Each structure stands twice: as structure tokens, then as C-alpha cells.
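Values reported hereafter were calculated over all heavy atoms of this structure, with side chains retained and with hydrogens, waters and symmetry mates removed. Residues: numbered from 1 along the sequence shown. Computed from a prediction, not measured in an experiment: that's the story for all the values here.
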Amino acid sequence: MKAETKLKNTNRSVLLGAAFLMATSAIGPGFLTQTTVFTEQLLASFGFVILISIIIDIGAQLNIWRIIAVSEKRAQDIANDLLPGLGYFLAFLVVMGGLAFNIGNIAGAGLGTNVLFGISPELGAILSGILAIGIFMVREAGKAMDKFAQVLGFLMIGLTVYVMFTAAPPVGEAVVKTFVPDNINILAIVTLVGGTVGGYITFAGGHRLIDAGIKGKEALPEVTRGSIFAIGIASIMRIFLFLAVLGVVSQGFKLDPSNPPASVFQLAAGNFGYKIFGIVMWAAAVTSVVGAAYTSVSFIRTFHPWLEKHHQKIIIGFIAVSTIVFVFVGRPISILIFVGSVNGMILPIALGVMLIAAYKTKIVGDYKHPLWMTIFGVIIVVAMAWMSGYTLINEIPKLFV
């Protein structure tokens with residue numbers, strides 16, 4: 001009885017860790033920047049964008065985590081089983097997107113330390129990179145990563161809630177416009193979905209569960225709860241930040257275009273708010289550094305025994321390269337929005353692969369995927385493919401004009 005209770009507690013801890021790993025992977029500098037920029041542009045109508053993105057996020061996450069758990073394989077191996085070579089292509093897309101995002105994450109960590117301690121963003125990025133690397137140098141790296149994501153995740157949400165209340169947002173207007181928006185911005189939807197479940201992010205928790213041994217049909221109830229909880233955490237943070245920004249801009253304040261989220265916190269709560277921004281930015285960035293590195297490398301580690309054996313060293317190298325690139329190159333605000341939208345374009349490919357795999361007995365055995373989940377997933381694939389194509393042709397070029 002004690003052993004069974006201990007196993008349940010372990011599973012619960014891993015599921016919570018996987019949920020927070022996925023959520024904090026999503027809540028990075030790009031998340032903060034995208035939410036702030038689009039709220040300033042769309043005002044209360046941005047609530048509609050958040051609502052649509054949450055619905056899409058849940059549909060994508062439910063399908064992907066469930067199929068990974070049932071097949072007991074990582075996404076790239078599922079793709080290769082479906083069509084030889086497809087897994088390598090998917091891994092290439094995810095790793096490149098993860099690396100690009102991680103440069104922005106490292107930059108955000110540097111910016112957070114600059115706000116808190118006055119040191120240069122480059123030095124702050126290097127120190128933050130060293131901390132992230134340290135997590136993967138301990139013996140129980142998986143548990144350390146889980147706990148790190150949980151503690152900083154709660155910290156970010158708590159501090160953002162405080163700033164939201166000080167900003168005094170027009171909640172009633174936000175609720176109305178969430179269901180009856182003045183306008184609909186497709187770039188915003190694609191970018192938000194890409195920043196929450198695009199690219200590597202949606203696989204962060206699913207791959208973590210595989211590593212921890214939570215898999216198979218018997219684990220599906222836990223996996224389903226974990227996937228919804230993960231989206232819930234990221235969505236709560238998004239909503240609180242949206243309301244904080246809305247409160248500030250509704251009072252007629254103009255945000256600093258060089259650092260929109262920082263000006264929100266400062267305008268809402270003065271210099272104390274600015275320091276809170278430093279903590280939130282650093283926590284969001286460094287947890288995303290850990291999540292991006294772990295998940296990106298999980299997409300290549302099964303391709304060769306040497307990669308599997310040395311995967312933790314490769315994760316460390318991934319973080320080091322991201323840090324070096326930022327120190328020598330830097331990153332503009334437009335790049336973070338651009339990478340978020342590109343990650344949104346990866347989603348229809350990745351989810352489409354998973355939905356087809358769900359009906360291949362050589363991958364999932366005798367498992368029967370729920371029809372409603374398949375329909376939900378297909379609608380998301382079609383909608384995201386169309387919106388991504390529209391964004392690629394009509395909206396992304398405007399970011400660099």
C-alpha cells in the first residue's frame with residue numbers, strides 16, 4: 001500500500017513538473033513581448049485572440065500528449081515510423097526554431113538581470129546561462145528541472161497578478177470584447193498559438209513524461225489532466241498580463257517601443273513595478289532556456305546511441321551556443337514575434353503527423369483514438385495551415401519594413 005501511494009505521489013509530481021515545464025517553456029520573453037504588443041494594438045479585443053488561441057492550444061495539446069503516451073515514443077520516432085525521414089525533417093524544424101527562440105530567451109534573462117542589478121545584459125545572459133547549465137549537471141537533472149520550473153512558474157504568476165491589480169484594468173470591457181471583438185487579427189492568433197504550443201513547446205511535457213516512464217494506455221487519464229493543466233497555467237499568465245497591459249494603455253499611457261513589457265510594469269507600479277518586471281522577465285527567460293534546450297535535444301537523442309548517451313552534454317552545448325550567439329549578435333523585438341509566428345507554422349505539420357499516427361496499429365497498437373479529438377485536431381490543422389499561410393504572405397513581411 002505504501003509503495004502504491006509513493007508511486008502515485010511520484011507520478012503526480014512528474015505530471016506537475018511536465019505541466020510546468022511546458023507552461024514555462026511557453027512563458028518566455030517572446031510571450032511577454034507578444035502579449036504586450038498585441039494588447040496595445042488591439043486593446044480589449046485581444047481577449048478574443050486569447051480565447052481562440054486557448055481553444056486551439058487545448059486541442060493540439062490533448063492530441064499530441066495522448067498519442068505520445070500511447071505510442072510510448074517521442075514525436076520524431078513516431079514521424080519516422082509513419083514515413084521514413086519525416087522524423088528527421090520534423091526534428092530539424094523544431095531544433096532550428098528552438099535555437100532561435102533560445103537566443104531570445106537568453107537575451108531576456110540578460111535584460112532581467114540588467115533591470116534587477118544594473119549589470120550589462122551580456123553579463124547577465126552569461127550568468128543565467130551558467131545557472132541553466134548547472135541544472136543539467138546534477139545527477140537528478142529531471143527532478144531539478146521540474147522543481148525549478150514549478151517554483152519560478154508560481155513566482156511569475158503571483159507577481160503578474162499584483163501588477164494587474166495595480167493597473168486597474170477595465171475587466172467588464174475585456175469580457176465583452178473577448179466574445180464580441182472590434183476586429184480579428186490573424187497574425188496575433190498564429191503568433192500566440194505558436195508561442196504556446198508551436199515548435200518545441202507542446203512536446204516539452206510529452207517528452208518529459210516519456211523520460212519519466214509515464215506512458216501507455218493506463219496512464220491516459222493522468223496524461224489528459226496534465227496536458228490541460230499545462231495549457232491552463234500558460235493561459236492564466238497570458239490573461240493576467242493582458243489585463244495588466246490593458247489597464248495601463250486604457251489610462252492613456254504610451255508604452256516604450258524598445259521594451260514594451262517593462263514599461264507596463266513601471267507605469268502600473270512605479271520603480272517597484274520595474275523591479276518586479278526584472279524578476280518576471282528573468283524567471284520567464286531562464287525557465288524557457290531550460291525547456292527549449294531540453295526539448296530540442298530530445299528531438300535528436302534517439303537518432304544515434306552516441307546522442308542518447310551524451311544528451312545532457314548536448315543540452316549544455318545548446319545553452320552555451322545560444323548564449324554565445326546572443327552576446328555577439330543580440331535580438332530585436334520583431335524577431336521574437338517572427339519566431340513565434342514561424343513556430344505556429346510548425347504546429348499543423350506536427351499535429352497532422354500525430355493524428356495520422358493515431359490510426360496506425362504499428363505505432364499505437366489496439367488503441368482507439370476518440371473521434372471527437374480527431375475532428376478537433378483536424379479542424380486545428382486546417383485552420384492553422386490556412387492562417388499560417390496567410391500570415392507568411394501578408395503579415396510577416398510588414399514586421400521588417
Side-chain angles (χ1 to χ4, degrees), residues 3-4 7-8 10-19 21-22 57-94 142 197 200-231 294-295 297-305 307-308 311 346-382 384:
E4 188 177 327
L7 180 62
K8 282 185 178 179
T10 301
N11 284 1
R12 191 178 296 116
S13 176
V14 171
L15 279 167
L16 191 62
L21 178 66
M22 178 267 148
D57 294 344
I58 289 172
Q61 188 92 325
L62 272 174
N63 276 291
I64 290 173
W65 279 38
R66 191 178 184 93
I67 295 161
I68 286 174
V70 168
S71 68
E72 304 187 13
K73 294 177 179 179
R74 295 180 183 87
Q76 70 273 19
D77 298 322
I78 294 172
N80 270 339
D81 284 349
L82 195 61
L83 179 67
L86 185 58
Y88 297 111
F89 175 67
L90 182 61
F92 173 78
L93 292 177
V94 169
V197 294
Y200 70 90
I201 298 169
T202 191
F203 298 102
H207 284 194
R208 174 72 187 111
L209 294 182
I210 290 288
D211 287 346
I214 298 179
K215 54 192 178 182
K217 285 194 288 187
E218 65 280 359
L220 284 179
E222 293 173 301
V223 171
T224 299
R225 284 195 300 271
S227 64
I228 295 174
F229 186 59
I231 293 298
Y294 166 80
T295 311
V297 173
S298 78
F299 264 84
I300 62 172
R301 60 186 282 190
T302 58
F303 291 155
H304 192 277
L307 296 173
E308 180 66 44
H311 72 272
I346 296 173
L347 179 62
I349 298 171
L351 180 55
V353 167
M354 293 292 145
L355 290 172
I356 296 170
Y359 291 89
K360 300 294 182 182
T361 54
K362 68 175 183 178
I363 296 174
V364 298
D366 60 357
Y367 164 75
K368 302 296 182 188
H369 198 57
L371 180 60
W372 72 267
M373 227 177 260
T374 301
I375 294 170
F376 196 1
V378 169
I379 291 171
I380 291 169
V381 169
V382 173
M384 285 301 297

Residues that K217 engages under salt bridge (Lys or Arg N to Asp or Glu O under 4.0 Å), provided they are two or more places apart: D366
Nearest-0.5 Å distance, CD1 of residue I300 to CZ of residue R74: 11.5 Å
Any I231 side-chain heavy atom under 4.5 Å of M22 side chain: yes
Inter-residue atom distance S71.OG - K360.NZ, 0.5 Å rounding: 14.5 Å
Over all atoms of both residues, closest heavy-atom pair of A18 and L209: CB-CD2, 3.7 Å
Contact list for residues 75-93, test side chain to side chain donor-acceptor pair (under 3.5 Å), sequence neighbours left out: K73-D81, Q76-T302, D77-T302
Distance, nearest 0.5 Å, that separates CG of L82 from CD1 of I363: 5.0 Å
Gap between atom CG of L90 and atom CD1 of I78 - 0.5 Å precision: 10.0 Å
Flag, side chain of H207 to backbone of A75, donor-acceptor distance under 3.5 Å: yes
With R301 via salt bridge (Lys or Arg N to Asp or Glu O under 4.0 Å) - residues at least two apart: D211, E308
Those residues that, when tested against V378, pass side-chain contact (heavy atoms from CB on, under 4.5 Å) (two or more places apart): L355, T374, V382
Residues which pass side-chain contact (heavy atoms from CB on, under 4.5 Å) with I375, listed by chain and number, not counting sequence neighbours: L371, I379
Gap separating the CD1 atom of I67 from the CG atom of L220, nearest 0.5 angstrom: 10.5 Å
F92, CZ atom: more than 12 neighbouring heavy atoms under 6.0 Å: no
Distance-only donor-acceptor pairs under 3.5 Å for side chains of residues 59-66, two or more places apart:
unit_1	atom_1	unit_2	atom_2	d
Q61	OE1	W65	NE1	3.4
Q61	OE1	T202	OG1	2.5
N63	OD1	H369	NE2	2.7
N63	ND2	G59	O	2.9
N63	ND2	M373	O	3.1
W65	NE1	T202	O	2.9
R66	NE	Y367	OH	2.6
R66	NH1	T224	OG1	3.3

